[in-house]
Protein chains: 2
Amino acid sequence: MASATTPVPGSPDWWASRPPAPTYRRGRPPMDVDRIIETALKLIDEVGAQALTLRMLADALDSGTATLYRHFNGKDELLALVADRILGEVRVPPEESAGKSWREAATVAAEAFHGTLCRHPRAVPLLAAQVPVGPNGLRARERLLTLFLSHGFSVRLAARAYTALGHYVTGFAIQQYGPGSPRPEDQVHLRGYYRSLDPAAYPATAAAADDLTSVPLQEEFRFGLELLLDGLEQARLRESQVCGDAVER
Amino acid sequence: MASATTPVPGSPDWWASRPPAPTYRRGRPPMDVDRIIETALKLIDEVGAQALTLRMLADALDSGTATLYRHFNGKDELLALVADRILGEVRVPPEESAGKSWREAATVAAEAFHGTLCRHPRAVPLLAAQVPVGPNGLRARERLLTLFLSHGFSVRLAARAYTALGHYVTGFAIQQYGPGSPRPEDQVHLRGYYRSLDPAAYPATAAAADDLTSVPLQEEFRFGLELLLDGLEQARLRESQVCGDAVER
DNA sequence: ACCTGAACACCGTTCAAGT
DNA sequence: ACCTGAACACCGTTCAAGT
């Protein structure tokens, strides 16, 4: 029943089959694989994950493509490692969340995640492509789940809240930075496009042209986030009314 | 200021530069480009957009790769056409929305969109990668905006509601069907993985392992959608309280 | 006028030969 | 034991030669 094939890079099985700590072989410095990932991320930020070439990466490292294969088994593995590397950049100040409500803390966490994605726009498709289960992905998931649980969410609702928030942030970022809209000034282009449409055929779109495009994306992100949190607030109230039990104090 | 380069396939400029009607040249039947897209979609459903090869497509059409270039300028253009083709599959029964509330109608629309994405799981990255401004994308946007406007939403709120819903559906689908989780049985794998984690290091994730993975994804989709609609309902109430004016009847 | 075989530059990947 | 030049199969794309 269980397949004997190599696990898909980025999948749970793949991460589980990796050496637990960053592959310290013998007494050599651990610079190797980290430096490759760091350089790959820098190149991806410049040209995009699609356009990144192993030859390009090898050149930047003053090496050859064959050498890269001593540290990972192909480009897919490299991209999975880079994706988790980016997740490791998300910084949520833990001291802040102490005195704050779950809602404030969730807002800070979602915006920290979104901010990190904004710093690596060309890498967003990497993050959106799969459920992040690398070490840094696990850490982020754990932190967010703990946040909800510690504020009285049931396990069930906490799990759903995490998934909904994660989907929203990555979904938003990929539409914001997808390959179809690489330039920031595309909003203006898009507005002109909506305006130029036949008002008879597209009355609503033409009327909403400005509102569809003029809103700063940061503000738009906040708006959708507030919608989700409003909904979560109601779900939590419903839950505590029906069951009357908080999971923990 | 304006660049003289070829517009990016899938961008507004690119769509605008295309022949408005499906390129009827002379009196030849319009089967050509449509048949290519149809065949490409079938192949993408089987092997994924990444693995689709122009040679593979040409073979399936009993032709050569060079012939394909007579109908579009490269693979990116083909993929943009396929993406809009998929959007054209979304069917929202218009008669249904007549007697329904905006909330019911929005639910039907979101689930129709989600259902279409579920029928083409391997093509989802195509849809998530950019703002859809092809003819079918425009049609869907127009329909949804009209829905909100006709139920008293302000233009501003309607635009944001559309964006939030669209982000949610595509964001959800890409996480559901991304290349990292191609198989349906991966949920079970993922649960085993969460359970196998060190409970000391990941107490919340281990505790929520079942809730993170056992929920049917269809139900999970509904849950997040309800959250969004709850939030929209509140935003609409706030809006009508403050302004006191409905846009139209 | 339209189609296409054959080539081109380049990709990810492999391996035998180096040190 | 570790590295890597050089090759391999194959990709998207082009163009001169066919009909």
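Residue numbers begin at 1 in each chain, while the letters A, B, ... track the order of the sequences. Only a predicted model underlies this, so the values are computations on that prediction, with no experimental measurement involved.
Distances shown here put a side-chain N or O of A:Ser63 below 4.0 Å from the OP1 or OP2 atom of D:dT4. Checking the phosphate oxygens (OP1, OP2) of D:dC3, no side-chain nitrogen or oxygen of A:Thr67 falls inside 4.0 Å.
Taking B:Glu89 as the reference, B:Leu41, B:Arg85, B:Thr116, B:Arg119, B:His120 meet the side chain to side chain contact (heavy atoms under 4.5 Å, CB included) condition, with sequence neighbours excluded. B:Tyr168 is linked by a side chain to side chain donor-acceptor pair (under 3.5 Å) to nothing, counting only residues two or more places apart in sequence or in another chain.
A donor-acceptor pair is defined here as one N or O able to donate and one able to accept, closer than 3.5 Å; no such pair exists between the side chain of A:Asn136 and the backbone of A:Ile86. Judged by distance alone, with hydrogens and angles left aside, the side-chain atoms of A:Ser63 form no donor-acceptor pair with the main-chain N or O of A:Asp59 at under 3.5 Å. In this structure, the side chain of B:Arg122 engages the main chain of B:Glu46 through a donor-acceptor pair within 3.5 Å.
Annotation: the span from B:Arg139 atom CZ to B:Arg143 atom CZ amounts to 5.0 Å, rounded to 0.5 Å. The line from CG of A:Leu117 to CG of A:Leu87 is 8.0 Å long, rounded to the nearest 0.5 Å.
Two residues are said to be in side-chain contact when any heavy atoms from C-beta on lie closer than 4.5 Å; B:Leu190 and B:Tyr194 meet this criterion. No side-chain heavy atom of B:Pro9 sits less than 4.5 Å from a side-chain heavy atom of B:Lys75.
Atom C1' of nucleotide D:dT13 and atom CZ of B:Phe72 are separated by 12 Å, given to the nearest angstrom. Put simply, CZ on A:Arg70 is 10 Å from P on D:dT4, counting in whole angstrom units. If you measure from atom CG of A:Asp62 to atom C1' of D:dC3, you get 15 Å, rounded to the nearest angstrom. Here C:dT13 presents its P atom at 9 Å from CG of A:Asn73, a figure rounded to the nearest Å.
Residues from residues 76-85 of chain A lying near DNA chain C, meaning a heavy-atom separation below 4.0 Å, are absent.
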Could you check B:Arg35 against B:His71 for side chain to side chain contact (heavy atoms under 4.5 Å, CB included), going step by step and ending with a plain yes or no? CA-CA 11 Å; B:Arg35 218 182 56 133; B:His71 299 97; over 6 Å; no
Tell me, with the steps shown, if B:Phe113 and B:Thr170 meet side chain to side chain contact (heavy atoms under 4.5 Å, CB included). CA-CA 9 Å; B:Phe113 185 20; B:Thr170 46; 3.7 Å; yes
Canonical and wobble pairing (Watson-Crick, G-U, under 3.5 Å) of DNA chain D, dot-bracket with |: ||.|||||...|||||.||
Please list, pair by pair, any protein nitrogen or oxygen found under 3.5 Å from a nitrogen or oxygen in nucleotides 9-11 of chain C.
from: C:dC11; atom 1: OP1; to: A:Thr53; atom 2: OG1; distance (Å): 3.4

Are any protein N/O atoms closer than 3.5 Å to N/O atoms in nucleotides 14-19 of chain D? If there are, list each pair with its distance.
none

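Residue A:Gln50 qualifies as open at atom CD: its count of foreign heavy atoms under 6.0 Å is 12 or below.
Classified by interplanar angle (parallel below 30°, tilted 30° to 60°, perpendicular above 60°), the ring pair B:His114/B:Phe221 is parallel.
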